[in-house]
Each structure stands twice: as structure tokens, then as C-alpha cells.
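Input: a single structure, listed below in C-alpha cells.
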Protein chains: 2
Amino acid sequence: MENYAEKLKNNLQIDGKKITKSRKEIVNCISNITEHFDADDIYDKLKKDGKNISRASVYRTIPILLKNKIIKEASIYKRRTKYEVVKENEHHDHIICKMCGKIIEFKNDEIEKLQETICKKYDFVLTEHNLELKGYCSKCYKKLMRK
Amino acid sequence: MENYAEKLKNNLQIDGKKITKSRKEIVNCISNITEHFDADDIYDKLKKDGKNISRASVYRTIPILLKNKIIKEASIYKRRTKYEVVKENEHHDHIICKMCGKIIEFKNDEIEKLQETICKKYDFVLTEHNLELKGYCSKCYKKLMRK
DNA sequence: GTGCGTGCAAAGGATTTGCATATAC
DNA sequence: GTATATGCAAATCCTTTGCACGCAC
């Protein structure tokens with residue numbers, strides 16, 4: 001379990017930025033989200049919890065969270081950017097439905113091993129990777145076929 | 001060299017859609033582009049060539065080109081969708097050096113097969129994928145180690 | 001002739017920004 | 001006290017859409 005609030009605090013101090021109530025609430029809010037989320041998800045969740053933090057503040061905090069690797073961009077769906085909380089040692093890849101935006105996370109050791117093999121072949125040292133499989137979930141594919 | 005105009009024509013006829021001047025101009029325009037482009041790039045290029053086709057038509061033609069696999073989404077940068085012309089049998093993935101930016105293109109059939117297997121497992125129909133391996137090329141890695 | 005496609009301008013919608021005020025330090 | 005952050009509403013900007021007209025078939 002990582003302490004995102006602490007991480008943010010340290011990074012803000014280094015940058016000479018302020019540790020405000022809004023920022024603390026936002027980082028606290030997202031650290032409880034396990035799925036993917038967008039700016040409005042944060043805004044709504046805060047509002048539901050009685051915290052009246054403006055959309056502007058949410059949007060202005062997101063770049064800070066990105067920079068400090070507390071969240072990362074997961075996908076963009078219908079012009080809306082989706083994020084996920086960064087968890088150390090929990091890498092996974094994504095399957096994305098192009099129609100409904102559904103996202104499935106997976107991890108495949110065989111693929112990871114092959115990636116290593118490929119990089120060795122090209123004399124590269126692999127440090128990270130990003131694999132996105134795009135297509136249609138069974139529901140959407142059926143819809144598509146009916147047309 | 002593929003004949004995109006012909007491909008579009010055939011597909012439009014199958015769908016009972018019309019082969020209009022605008023659509024012909026647009027497909028002709030993009031078939032000469034080798035880099036990535038967005039909707040406005042098409043609009044501007046057409047305008048420069050004296051073809052006054054509205055932005056609306058460009059935007060309305062893009063989904064048709066996507067559907068017919070004449071173009072595909074390449075990336076989204078600053079809320080602007082970038083496309084590239086689809087070239088048959090030219091799929092590849094990328095290895096990218098984080099230090100010098102060197103890019104190596106590769107293709108690995110085993111990984112592609114595994115992707116299919118994974119999608120089947122999750123009841124997804126795979127239509128496209130994107131795999132980026134990031135790390136350091138041997139030269140840069142040595143530099144890094146010397147530090 | 002009919003229905004699909006086009007152009008125009010207006011609408012949409014996520015995100016950004018200017019400005020006055022509030023707050024962390 | 002001062003610089004940075006916030007909230008609000010307005011602005012931005014890519015993209016979509018309604019509508020009247022035009023064109024492919």
C-alpha cells in the first residue's frame with residue numbers, strides 16, 4: 001500500500017508548491033479508486049462526499065499528479081482522458097473496446113518474455129512497455145453484426 | 001501501391017452510399033500523404049489545391065475511411081486525432097530508446113498469436129494493436145553506466 | 001424523383017483560462 | 001505579507017449536428 005498523500009506532499013515541497021486542502025482531498029479521493037477514471041469522476045466523487053472542489057481545481061491538479069507519477073494516462077475515449085492510479089510493481093496491459101470503451105486489464109508473461117528476447121536481439125535494454133489491444137467486446141461485436 | 005480510390009468506391013457501393021466529388025477528392029488527397037495527419041491537415045491541403053470542401057465533409061468522410069481501413073488512428077495529440085494511411089502488410093511495432101530517440105521497427109508473429117489468444121479468452125474481437133517497447137539502445141546504456 | 005451528401009453556421013463538450021478572492025507558508 | 005491556489009464563468013477548440021439545398025443514382 002502506497003502513501004500517495006505523502007508522495008504528493010514531498011513532491012510539492014520540492015517544487016515550492018503549496019499543500020492545499022483541495023490537493024489533499026483529490027489525492028485522497030483517487031487513492032481509493034481501483035478502476036480507470038476521468039476528471040469528472042473525481043469531481044463527482046468529491047461532490048458526493050460533500051467536498052465542494054471546483055472542476056477547475058481538479059483539472060489543475062491532474063498535471064501535478066501525472067508529473068509525480070501518482071496517476072498515469074490509461075486511455076482516451078470519446079475525447080475524454082481516462083487515468084489510473086500508478087501502483088508499483090503492478091504493470092498490466094489493456095484490451096479496449098472501440099465501441100463502448102470497456103477496458104480489460106491483463107498481463108501475459110509469455111509476451112513479456114518475448115519482448116525481452118526481441119530487445120536482446122536488437123541490443124536494447126528494455127525498461128518499460130505499453131501494449132494496447134483494440135477491438136470489440138462480444139456485446140458490441142454482436143451489435144455491429146446486426147447492422 | 002494500393003488504389004485507395006478504387007477501394008473506397010467498392011466499399012461505398014456495397015454500403016449503398018454515393019461516390020461523390022468530395023469523397024473522391026479526399027481519398028485522393030490523403031493517398032499522397034506519407035506522414036501522420038489530422039482532419040485539418042486534409043482540409044488545408046484540399047484548400048491549397050483549390051478544392052473547396054467543407055470541414056464538415058472532411059469530418060464526415062473520416063469515419064468512412066476508417067471503417068474501410070483506408071486510414072487508421074495513429075495517435076491523439078493535444079485533443080487532436082492523428083491518422084495514417086493504412087498500408088497492407090506493413091504492420092510493425094516499435095522499440096524506442098528513451099535517451100537518443102532511436103526507433104527500431106519490428107514484427108513478432110509469436111506475440112501477435114498470443115494477443116489473439118488473450119482476446120479470445122476475454123471474449124474480444126481483436127482488430128488492431130499497439131506495442132511500444134521502451135528502454136536504452138546499447139550505446140546509450142553504456143553511457144548511462146559510465147556515469 | 002428520391003434519398004443521401006454537402007455547406008454553413010450553430011451547438012456540443014471536455015478542458016483551459018482570466019480575474020478577483022482566499023489561503024498556505 | 002506575499003505568492004500561489006481556488007472558484008466562477010467565460011473562452012477555447014476540435015468535432016458534431018440541424019437544416020436547407022444540391023447532386024448521384
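Letters A, B, ... are given to chains in the order of the sequence lines, protein chains preceding strands, and every chain is numbered from 1.
Classification of D109(B) and K107(B) as a salt-bridged pair holds, one side-chain N sitting under 4.0 Å from a carboxylate O. Under 4.0 Å is where a charged nitrogen must lie from a carboxylate oxygen, and between E25(B) and K51(B) at least one such pair does.
Both R79(B) and I64(B) sit near DNA chain C, but only I64(B) has its closest nucleotide nearer the 5' end.
If you check residues 51-63 of chain A against DNA chain D, the residues with a heavy atom closer than 4.0 Å are N52(A), I53(A), S54(A), A56(A), S57(A), R60(A), listed by number. Within residues 18-28 of chain A, the residues that have a heavy atom under 4.0 Å from DNA chain D are, in order of number, K18(A), T20(A), S22(A), R23(A). Remark: nothing in residues 67-78 of chain A comes within less than 4.0 Å of DNA chain C through any heavy atom.
Ring-plane geometry between F37(A) and Y83(A) is classed as tilted, the angle between the planes lying from 30 to 60 degrees on a 0 to 90 degree scale.
Reading DNA chain D from its 5' end, the first and the last nucleotide to sit under 4.0 Å from a heavy atom of chain A are dA3(D) to dT15(D). A 4.0 Å heavy-atom criterion places the boundary nucleotides of DNA chain C facing chain A at dA14(C) to dC25(C), written 5' to 3'.
Here Y59(B) sits alone; no ILVMFWY side chain lies under 4.5 Å from its own, so it joins no hydrophobic cluster. When hydrophobic side chains of Ile, Leu, Val, Met, Phe, Trp and Tyr are connected at separations under 4.5 Å, L131(B) ends up clustered with I95(A), I104(A), F106(A), I111(A), L114(A), I118(A), Y122(A), F124(A), L126(A), L131(A), L133(A), I95(B), I104(B), F106(B), I111(B), L114(B), I118(B), Y122(B), F124(B), L126(B), L133(B).
Taking CG of D41(B) as the reference point, atom CZ of R80(B) lies at 7.5 Å (rounded to 0.5 Å). The line from NZ of K102(A) to CE of M99(A) is 13.5 Å long, rounded to the nearest 0.5 Å. Between atom CG of residue L46(B) and atom CG of residue D40(B) there is a gap of 11.0 Å, rounded to the nearest 0.5 Å. Remark: K98(A) NZ to E73(B) CD distance equals 9.0 Å, nearest 0.5 Å.
The main-chain N or O of I70(A) is never found under 3.5 Å from a side-chain atom of N68(A) such that the two would form a donor-acceptor pair. With Y136(B) contributing its side chain and T127(A) its backbone, the two residues share no donor-acceptor pair below 3.5 Å.
Under a hydrophobic clustering in which Ile, Leu, Val, Met, Phe, Trp and Tyr are joined whenever their side-chain heavy atoms come within less than 4.5 Å, directly or via other members, V86(A) and L66(A) fall into different clusters.
Relative to the axis of its first five pairs, the axis of the last five pairs of the helix from dG1(C)-dC25(D) to dC25(C)-dG1(D) sits at 30°, rounded to 10 degrees.
In this structure L12(A) satisfies the side chain to side chain contact (heavy atoms under 4.5 Å, CB included) test together with L8(A), K17(A), I19(A), R23(A), I64(A), sequence neighbours excluded. Legend: residues meeting ring pair (Phe, Tyr, Trp, His ring centres under 6.0 Å) with H36(B), ordered by chain and number and at least two apart, are absent. Residues passing the side chain to side chain contact (heavy atoms under 4.5 Å, CB included) test with K45(A), sequence neighbours excluded: C29(A), N32(A), I33(A). Under the rule for a side chain to side chain donor-acceptor pair (under 3.5 Å), the partners of D123(A) that lie at least two apart in sequence or sit in another chain are S138(B).
In summary, the side chains of E132(B) and H94(B) do not present any donor paired with an acceptor at a separation below 3.5 Å, with no hydrogens or angles considered.
Using a 4.0 Å heavy-atom cutoff across all strands shown, R80(B) reaches sugar-phosphate atoms only and no base atom.
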